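Model, not experiment: these values are computed from the prediction.
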Amino acid sequence: SWLAENVAQSERRPQLVLAELLAQCRSECIEPPTATRLKRIVASALHKAEETLSQRISSRLGGDVANRLDALAAVAGAPDEGEAMAEQAELGFIRADPGNVSLDSMITETERLLAVRAVGLPPSLFADVAPKVVTALRARAAVESPSHLQDHPRPLKLTLLAALVQTREREITDALVDLLIATVHRIN
């Protein structure tokens with residue numbers, strides 16, 4: 001419990017969590033368990049911290065925001081196949097990177113920014129979460145397919161998608177600024 005509450009909430013790398021556990025054992029003059037047991041303790045602490053974080057973040061989302069995030073991870077096999085494909089395309093659209101410098105790229109990035117903002121995440125959703133934890137959640141959500149996201153428990157799925165959407169909003173804003181600067185340079 002100590003490891004999950006004090007270390008794993010702000011550190012997600014197992015090696016560093018293990019180092020903190022060993023340091024705590026030394027400071028309390030406790031002989032550390034075997035290597036196998038240490039790995040299990042670290043994995044358990046990381047899992048418990050992830051569950052706690054997911055519950056905390058998903059509880060901050062309103063019903064409408066949670067439903068919009070759920071719609072991003074909808075998979076084929078829904079009653080309306082075309083609708084499910086459009087939702088998968090929306091998640092892919094949000095994840096996509098900007099293209100070459102052009103007016104079309106700027107328009108596409110603006111549409112992407114509007115799609116991300118349409119989710120309506122609260123601005124302080126991840127205010128008490130370490131930035132490296134949010135970055136790790138975003139990276140995880142960015143590589144998982146909608147079907148894999150759908151397999152997660154709902155609080156974890158909502159947390160992963162919220163981290164992706166929130167960080168993508170910043171990334172898209174930065175990309176728009178870069179495109180604008182590059183366009184001005186091209187005009188010159």
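- Of all heavy-atom pairs between Phe93 and Ala115, the closest is CE2-CB, 4.3 Å.
- Remark: the backbone N or O of Val133 is not paired with any side-chain donor or acceptor of Arg12 at under 3.5 angstrom.
- Residue pairs meeting the side chain to side chain donor-acceptor pair (under 3.5 Å) criterion with at least one partner in residues 172-181, sequence neighbours excluded, do not occur; the list is empty.
- Counting all heavy atoms, side chain and backbone alike, Ala141 lies closest to Leu164 at CB-CB, 3.9 Å.
- Note: the hydrophobic cluster containing Val129 does not contain Leu3 (ILVMFWY, side chain heavy atoms under 4.5 Å, direct or indirect links).
- In this structure Ser124 satisfies the side chain to side chain contact (heavy atoms under 4.5 Å, CB included) test together with Ala127, sequence neighbours excluded.
- The CD atom of Glu144 sits 11.5 Å away from the CD atom of Gln150 when rounded to the nearest 0.5 Å.
- Sorted by first and then second residue, the salt bridge (charged side-chain N to carboxylate O under 4.0 Å, His left out) pairs involving residues 117-126 (not counting sequence neighbours) are Arg117-Glu169.
- Taking CG of Asp97 as the start and CD1 of Ile172 as the end, the distance is 9.5 Å to the nearest 0.5 Å.
- The two residues Leu176 and Met106 have their closest heavy-atom pair at CD2-O, 3.7 Å.
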Solution key, residues 54-64 side-chain donor-acceptor pairs under 3.5 Å, sequence neighbours excluded:
| residue | atom | partner | partner atom | Å |
| --- | --- | --- | --- | --- |
| Ser54 | OG | Glu50 | O | 2.8 |
| Arg56 | NE | Asp128 | OD2 | 3.4 |
| Ser58 | OG | Ser54 | O | 2.8 |
| Ser58 | OG | Gln55 | O | 3.3 |
| Ser59 | OG | Gln55 | O | 3.2 |
| Ser59 | OG | Arg56 | O | 2.8 |
| Arg60 | NH1 | Leu125 | O | 2.6 |
| Arg60 | NH1 | Asp128 | OD1 | 3.0 |
| Arg60 | NH2 | Asp128 | OD1 | 3.1 |
| Arg60 | NH2 | Asp128 | OD2 | 2.7 |

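- In terms of the salt bridge (Lys or Arg N to Asp or Glu O under 4.0 Å) criterion, residue partners of Glu11 (sequence neighbours excluded) are, by chain and number, Arg13, Lys132.
- Note: the hydrophobic cluster containing Leu18 also contains Trp2 (ILVMFWY, side chain heavy atoms under 4.5 Å, direct or indirect links).
- Residues forming a side chain to side chain contact (heavy atoms under 4.5 Å, CB included) with Glu20 (at least two apart in sequence, or on another chain): Val7.
- For the salt bridge (charged side-chain N to carboxylate O under 4.0 Å, His left out) condition, the pairs that include at least one residue of residues 98-115, sequence neighbours left out, are Glu109-Arg112.
- Considering only heavy atoms from C-beta on, Thr135 stays 4.5 Å or farther from Thr167 through its side chain.
- Residues Leu156 and Leu91 fall within the same hydrophobic cluster, defined by Ile, Leu, Val, Met, Phe, Trp and Tyr side chains chained together at heavy-atom separations under 4.5 Å.
- Taking CG from Leu53 and CD from Gln9, the interatomic distance works out to 6.0 Å, rounded to the nearest 0.5 Å.
- Here Leu16 is tied to no hydrophobic group at all, with no ILVMFWY side chain closer than 4.5 Å.
- Remark: side-chain polar atoms of Arg140 are not paired, donor with acceptor, to backbone N or O of Leu160 under 3.5 angstrom.
- Side chain of Ser105 to main chain of Val101: no donor-acceptor pair is present (N/O by atom type, distance under 3.5 Å, no hydrogens or angles).
- When the side-chain hydrogen bond (donor to acceptor under 3.5 Å, both in side chains) test is applied to Asp70, the partners found at least two apart in sequence or on another chain are Arg154, Lys157.
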Using atom types as modelled, flag every donor-acceptor pair under 3.5 Å from a side chain in residues 23-46 to any protein atom, sequence neighbours excluded.
| residue | atom | partner | partner atom | Å |
| --- | --- | --- | --- | --- |
| Gln24 | NE2 | Glu28 | OE2 | 2.4 |
| Ser27 | OG | Gln24 | O | 2.9 |
| Thr34 | OG1 | Arg37 | N | 3.3 |

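- The structure places CD1 of Ile181 at 14.5 Å from CZ of Arg186, a figure rounded to the nearest 0.5 Å.
- If you chain together ILVMFWY residues whose side-chain heavy atoms come under 4.5 Å of each other, Ile187 ends up in a group of its own.
- Taking all atoms of both residues into account, the shortest heavy-atom contact from Lys48 to Ser1 is NZ-OG, 3.2 Å.
- The other members of the hydrophobic cluster of Leu103, by chain and number, are Ile107 (side-chain heavy atoms under 4.5 Å, ILVMFWY only).
- Between the side chain of Arg168 and the backbone N or O of Val116, no donor-acceptor pair lies under 3.5 Å.
- By the 4.5 Å heavy-atom criterion applied to side chains, Leu149 and Leu72 are not counted as neighbours.
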